[in-house]
Amino acid sequence: MAQTAATPADQDNYPSRTIRYVVPYPPGGFNDTLARIVSQKLSEAWGVPVVVENRPGGGTLIGTESVAKAAPDGYTLLGVAFPFGANPSIYKNLPYDTVKDFTPLIFAGQTQNLLVIKPSMPINSVKELIDYAKKNPGKVSYGSTGIGSSNHLSMELFKSMAGIDLVHVPYKGSAPMVNDMLGGHIDIAFDNTPNVLPQVHGEKLRALGVSSKARSALAANVPTVSEAGVPGYEVTVWFGIVGPPGMRPEIVQKLNAEMNAIFKMDDVKRRFVDQGVDPLGGTPSQFADHIRAEIQKWAKVVKDANIQPE
């Protein structure tokens, strides 16, 4: 149940006090970067503090649930991403309804995952990885940022389509996963392009493929997974912002308009593109449609892979 909303007079003056932007992930990934970009620009535009609150844990459920139960007054925002659309299929008893318990505000951006491997592995292509995994079933480990994350489901789809057996090692965030891969503790992973591109450029990790339909402009020499040996493979990673259920339309519109303006700023576009993310924007209803489509898409993958919550 939502808390009691602020008074009409308070909402007519919106925003008149601190806005809280909840990130259900630890610091270090693009979800956190997006929150800090948006919070800084909103604060500059509106003259009120916008505070980023990292609340990781529970496969994003802890931070997400806190916003589902927050007052719908526009003073609590939530950064959502790929797992937001996958979790309804993974968790049979979610503490919230993904469609009914949130107000979509804006589709912020999208990127792809890079399939990366530790350099000590004697593998230089997707086909070589598949051949190696088939000869060594259950011996190749892959990292993820938890059950239902984009890198987890990217690899489960890859496993299914390639017909291979890999060992899943979940982490609480991208940073510790990448650190363990750099240390040689796990073999391969899919991760958001902005999270691993510096290590690929520094030749600390080797990129074998990108998950999207087209190659990434930031790693143009890396083939798509589809063209490299798994025809038809495609995963798009996305980021967006929602609020609690029942927000007033005029506040939704004010937030959406300001965020659309933010994503058109040259310095913001540069920060997105430098990290391999395409800034998007659009209307709340367009984002709502996207969320519903993602829920439907990943329901089949989760069922086929028999993915269970931790």
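- Val277 has its side chain within reach of Phe30: a pair of non-hydrogen atoms, C-beta onward, lies under 4.5 Å apart.
- In summary, of the residues considered (Phe239, Trp298, Trp238), a ring pair (Phe, Tyr, Trp, His ring centres under 6.0 Å) with Phe82 occurs for Trp298 alone.
- Residue pairs meeting the salt bridge (Lys or Arg N to Asp or Glu O under 4.0 Å) criterion with at least one partner in residues 108-136, sequence neighbours excluded, are Lys118-Asp187.
- The closest side-chain heavy-atom distance from Leu114 to Asp191 is not below 4.5 Å.
- In this structure, a donor-acceptor pair under 3.5 Å is absent between the side chains of Thr224 and Ser226.
- Residues Tyr75 and Val48 share a single hydrophobic cluster, defined by chaining ILVMFWY side chains whose heavy atoms lie under 4.5 Å apart.
- Ring centroid separation for the pair Tyr142 and Phe158 does not come in under the 6.0 Å cut-off.
- The closest side-chain heavy-atom distance from Leu157 to Tyr233 is below 4.5 Å.
- Between the side chains of Asn151 and Thr145, a donor-acceptor pair is found at a separation under 3.5 Å.
- With contacts defined as side-chain heavy-atom distances shorter than 4.5 Å, the pair Phe102/Thr64 qualifies.
- Residues Val67 and Pro244 are in side-chain contact: their nearest non-hydrogen atoms beyond the backbone lie under 4.5 Å apart.
- Residues Arg55 and Val23 have side chains not in contact (no heavy-atom distance under 4.5 Å, counting atoms from C-beta outward).
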